[in-house]
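Written out below as structure tokens is the structure these notes cover.
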Amino acid sequence: MNTLAIDIGGTKLAAALVGAENEISQRMEIPTPANANPQALEQALAQLVEAYQGKAQRVAVASTGIIDKGILTALNPDNLGGLNHFPLQAVVEKYTGLPCVVLNDAQAAAWAEYCYLSAQFKHVTFITVSTGVGGGVVINGELLTGPHAFAGHIGHIQADPNGPRCGCGRVGCVEAVASGRAIAASAKQELAGKSAREIFAQAQSGNLQAQQLVARSAQAICQLIGNLKALLDTECIVLGGSVGLAAGYRQQVEHQLAQLPEPFHVPIYSAHFQHDAGLMGAALWSEHLAL
Ligand code: ADP
Ligand code: BMX
Ligand code: ZN
């Protein structure tokens, strides 16, 4: 059985085949359409699945946004070019002719990382620091999705009541301070207009402003982890997303967390599946549901 796995992020769309032994092959990536109106996203998905015709028996999609009963609703429309109420499952089924399961990208990644760690831990929380900040919570071996599929949207917990307004409409969300978009949006002078990736490179080569932007993001994620430990008593945190996986970032968060009182401490791992955690999680979730 081959699963066509698709990961829809605010920056990129990825796809791959996941085989019977969970091996990943034929991975490809295209940019998320800049103005992700329904037609543009539908066209991008059609283009992506075209290459896999006849190669899979089911489709599993991990996507940014609230994914409830097959419908994608952006919580932070800024991350998806204003896209809202997109019939994701129906569109993917239309272009593939295959049964399809859809879930939030960070919920999917949490499931993948939990499956990898399940011999050690039953309570695992995944945090992606990427275009936005997303999360997925596994409690006692079960993925928490919630009655409206909203569970785990931890990027929209408040980090700073005096912080910038988030695209979701709240003030000072973790996402508005720590995400790749937030890092880029806060950059001034010589860093204005640069992406988070470029700002991390500048931080590595000693630019003070870049280092401060990265430290501010890591500090917000550290406080978020302290809050999650108090709420869930999670046994470990897994960090993913291109910002979360950037060189030295996890170590900064760990260093900050060590300054908090001991009950807030929790081990932090980098995602075992790296940038494929969403793809792998969607595929493993479809297997779990025996789709
Ligand atoms: P998505 O949000 O589509 O899942 P990513 O996880 O790649 O995609 O996150 C995209 C964000 O990560 C962007 O803000 C981008 O600038 C930033 N980014 C990409 N590569 C790096 C890197 N090597 N170091 C730091 N930030 C990065
Ligand atoms: C946002 C939200 C979450 C998502 C998270 C990470 C939207 C469109 N997305 O908080 O559903 O899990 O970003 O998404 O409202 P990514 O694109 O950064 O991977
Ligand atoms: Zn928000």
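When a ligand or atom number is given, it counts from 1 through the structure's own listing order. Because the structure is a prediction, the values reported are computed rather than measured.
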Counting distance only, does the side-chain N/O of Q259 pair as donor-acceptor with the main-chain N or O of H255 below 3.5 Å?
yes

If I apply the N/O under 3.5 Å rule, does G135 come out as touching ligand 2?
no

Option of least heavy-atom distance to atom 9 (O) of ligand 1 (set: A106, P31, A184, S130):
S130

Under 4.0 Å to a heavy atom of A246 - the qualifying atoms of ligand 1, by number:
24 (N), 25 (C)

For residues Y95 and E42, is any side-chain donor paired with an opposing acceptor at under 3.5 Å?
yes

Run the numbers for me: atoms of ligand 1, each under 4.0 Å from some heavy atom of G180, listed by number.
14 (O)

Looking at atom 2 (C) of ligand 2, what's its closest protein heavy atom, distance included?
T64 OG1, 3.9 Å

In ligand 1, which numbered atoms sit nearer than 4.0 Å to a non-hydrogen atom of G9?
1 (P), 3 (O), 4 (O)

Nitrogen or oxygen of A106 less than 3.5 angstrom from that of ligand 2
no

Judged by atom type as modelled, is there a donor-acceptor pair below 3.5 Å linking the side chain of T234 to the main-chain atoms of C236?
yes

With no hydrogens and no angle check, is any side-chain donor or acceptor of R181 less than 3.5 Å from a backbone partner on G132?
no

So, regarding L75 and ligand 2 (criterion: nitrogen or oxygen to nitrogen or oxygen, under 3.5 Å), is there a contact or not?
yes

Within a reach of under 6.0 Å around CD of E142, are more than 12 heavy atoms found that belong to other residues, nucleotides or ligands?
no

With heavy atoms of H156 as the reference, note each atom of ligand 2 found under 4.0 Å away.
1 (C), 10 (O)

Atom indices of ligand 1 within 4.0 angstrom of G241 heavy atoms, with elements:
6 (O)

Under 3.5 Å: N/O of L80 near N/O of ligand 2
no

Do the side chain of K12 and the main chain of I8 share a donor and acceptor less than 3.5 angstrom apart?
no

So does A74 get a backbone contact from the side chain of N84, meaning a donor-acceptor N/O pair under 3.5 Å?
yes

Here the atoms of ligand 2 under 4.0 Å from any heavy atom belonging to N79 are 1 (C), 13 (O)

Of the non-hydrogen atoms in T32 and G9, which two are nearest, and what is the gap between them?
OG1-O, 2.7 Å

Interfacing atoms of ligand 2 (cut-off 4.0 Å, heavy-atom, G9):
17 (O)

Go through the steps for V102 and I71 under the test side-chain contact (heavy atoms from CB on, under 4.5 Å), then give the verdict.
CA-CA 9 Å; V102 295; I71 308 287; over 6 Å; no

Give the residue, atom name and distance (to 0.1 Å) of the protein heavy atom nearest atom 17 (O) of ligand 2.
G10 N, 2.8 Å

Do L239 and L232 sit in one hydrophobic cluster, given that two such residues count as connected whenever their side-chain heavy atoms are within less than 4.5 Å of each other, even indirectly?
yes

Look only at interatomic distance and state if N104 has a nitrogen or oxygen under 3.5 Å from any nitrogen or oxygen of ligand 2.
yes

Out of A201, S242, A62, indicate the one that has the non-hydrogen atom closest to atom 7 (O) of ligand 1.
S242

Starting from atom 2 (O) of ligand 1, find the nearest protein heavy-atom neighbour and note its residue, name and distance.
T131 OG1, 2.4 Å

Between T131 and ligand 2, find which residue part has any heavy-atom pair under 4.0 Å and reply side chain, backbone, both or neither.
both

Polar proximity ligand 1 side, F200 side, N/O cut 3.5 Å exclusive
no

Which residue holds the protein heavy atom closest to atom 4 (O) of ligand 1, what is that atom called, and what is the gap in Å?
K12 NZ, 3.6 Å

Sidechain-backbone polar pair: N104 side chain, Q107 backbone, donor-acceptor under 3.5 Å:
yes

Got the closest protein heavy atom to atom 19 (O) of ligand 2, with its distance?
D105 OD2, 2.8 Å

Using atom types as modelled and distance alone, determine if a side-chain donor or acceptor of K229 lies under 3.5 Å from a backbone N or O of P263.
yes

Identify the two heavy atoms, one from A16 and one from I24, that lie closest to each other, and give their separation to 0.1 Å.
CB-CG2, 3.8 Å

E23 side chain to E21 backbone, donor-acceptor under 3.5 Å:
yes

Considering non-hydrogen atoms only, spot the tightest contact between G146 and A151 and give its length.
N-CB, 3.9 Å

Which atom of H156 is nearest the Zn ion (ligand 3), counting N, O or S only? It is ND1

Heavy atoms only: which of R181, K12, E175 is nearest to atom 1 (C) of ligand 2?
E175

Close-contact set for ligand 2 against H153 heavy atoms, below 4.0 Å
3 (C), 11 (O)

What is the nearest protein non-hydrogen atom to atom 13 (C) of ligand 1, stated with its residue, atom name and distance?
T11 OG1, 4.1 Å

C173 SG to C166 SG via the Zn ion (ligand 3), rounded to 10°, gives 110°

Looking at A184 and K194, what are the two nearest heavy atoms and their distance?
CB-O, 3.4 Å

Considering the heavy atoms of V133, write down every atom of ligand 2 situated less than 4.0 Å from one of them.
5 (C), 10 (O)

Between the CD1 atom in I237 and the CD1 atom in I221, the distance rounded to the nearest 0.5 Å is 10.0 Å

If you measure from each heavy atom of Q107 to ligand 2, is any distance below 4.0 Å?
no

Identify which of R197, R181, E198 has a heavy atom lying nearest to atom 16 (O) of ligand 1.
R197

